Amino acid sequence: MPAPPESEAELFERARGLAGRSLGEVSAELGIACPDTLKRAKGFVGMLLERALGATAGSKDVPDFPDLGVELKSLPVDREGKPRESTFVCTMPLSDVAEMQWLGSRVQRKLARVLFVPVEATPEVAIAARRIGGPILWTASAEEEAALRRDWDELAGLVGAGHVESVTAHLGEYLQVRPKAAHSRVRTLAPGGDDGLVSVNPKGFYLRTKFTAAIVARALR
DNA sequence: GATTGATCATAC
DNA sequence: GTATGATCAATC
């Protein structure tokens, strides 16, 4: 496996080197089996890119490239380069989001600097034949950050005020909250209810497709 | 066809 | 069970 990149420029060059190559080629080089379907390997593409680029963070709550402060996100796109799915950002700390601010929040920290790597995700194309696209090193513009902050304030505000059960994926213009758990029977505690705590399915923050689509469009201009 | 809620694999 | 990586699939 490659060593971690020593600079952002080196990381970007490595990512550019993957552009145009297929998931099958890259996985073969790394000695990793490429699945025939993502049905039972949903994290395969993300894990493959992590290894190919030398990410080290593993399952810790820090960016994929801690020394660079860069988070890696694979972006499943159609043949036109448009994202096909929302992008998971992080879990929502339900029990203490009430005391948090946007600045310093997990969302703000995770999205401070992101390397998006588009990957072909057309159903008709076999996994191994899917090609990796050109990387996008992104930082939110003032407008993008303000928009994310508005959503975060609304969503975190509702949970902090004890209204977690009214928070659905319908809320949020660009940032939304959805279940994030092994299955719907998983429970965790959040502010609310008669005792001050309610048992709910764990939740996570996701970027809506239209938000990442705008990032891709901006990068192609 | 797009979106929301549900789910899958793996490491510790 | 908690974290990481996400896509699936029922529903709108």
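Owing to the predicted nature of the structure, the values given are computational and were not obtained by experimental measurement. Proteins come first, then strands; the chains are lettered A, B, ... in the order of their sequence lines, and each starts at number 1.
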Donor-acceptor under 3.5 Å (A:R84 side chain, A:G81 main chain) = no
Counting distance only, does the side-chain N/O of A:Q108 pair as donor-acceptor with the main-chain N or O of A:G104 below 3.5 Å?
-> yes
Could you pull out the protein-nucleic contacts involving nucleotides 9-12 of chain C (nitrogen or oxygen on both sides, under 3.5 Å)?
unit_1 : atom_1 : unit_2 : atom_2 : d
C:dA9  : OP1    : A:K39  : NZ     : 3.3

Rounding to 10 degrees, work out the angle separating the end axes of the helix from B:dG1-C:dC12 to B:dC12-C:dG1 (five pairs an end).
-> 30°
A:V89 versus A:Y206: any side-chain heavy-atom pair under 4.5 Å?
-> no
A:R21/A:E29 salt bridge by N-O under 4.0 Å criterion | yes
Find which nucleotide of DNA chain C each of A:L75 and A:P202 is nearest to by heavy atoms, and output the residue with the more 5' nucleotide.
-> A:P202
Verify the neighbour count for atom CD of A:E6: are there more than 12 heavy atoms of other residues, nucleotides or ligands below 6.0 Å?
-> no
To the nearest Å, give me how far apart CZ (A:F88) and C1' (C:dT7) are.
-> 13 Å
Who passes side-chain contact (heavy atoms from CB on, under 4.5 Å) against A:E124, sequence neighbours left out?
-> A:R79, A:T122
Assign A:K210 to base, sugar-phosphate, or nothing according to its heavy-atom contacts below 4.0 angstrom with the strands shown.
-> nothing
Would you indicate which nucleotide in B:dT4, C:dC8, C:dT4 comes nearest to any side-chain atom of A:L38?
-> C:dC8
Testing B:dA6, C:dG5, C:dT7 for proximity to the side chain of A:P76, the answer is C:dT7
Toward the 5' end of DNA chain B, which comes first, A:R40 or A:K82, by nearest nucleotide?
-> A:K82
For a quick test of your reading: what N or O donor-acceptor pairs under 3.5 Å do the side chains of residues 157-173 of chain A make, sequence neighbours left out?
unit_1 : atom_1 : unit_2 : atom_2 : d
A:S166 : OG     : A:H163 : O      : 2.8
A:T168 : OG1    : A:H170 : N      : 3.1

Does A:K203 reach the main-chain N or O of A:N201 with its side chain, forming a donor-acceptor pair under 3.5 Å?
-> yes
Given C:dA6, is OP1 or OP2 found less than 4.0 Å from the side-chain N or O atoms of A:S74?
-> yes
Is a side-chain donor or acceptor of A:D78 paired with a backbone partner of A:E80 at a separation under 3.5 angstrom?
-> yes
Mind running a 4.0 Å heavy-atom check of residues 163-176 of chain A against DNA chain B and sending the residues that fall below it, in number order?
-> A:T168, A:A169, A:H170, A:Q176
Within residues 177-187 of chain A: residues closer than 4.0 Å to DNA chain C (heavy atoms) = A:R178, A:K180
Assign A:G43 to base, sugar-phosphate, or nothing according to its heavy-atom contacts below 4.0 angstrom with the strands shown.
-> base
Residue pair A:R14, A:E10: steps toward the salt bridge (Lys or Arg N to Asp or Glu O under 4.0 Å) verdict = CA-CA 6 Å; A:R14 283 191 194 179; A:E10 184 183 351; 3.0 Å; yes
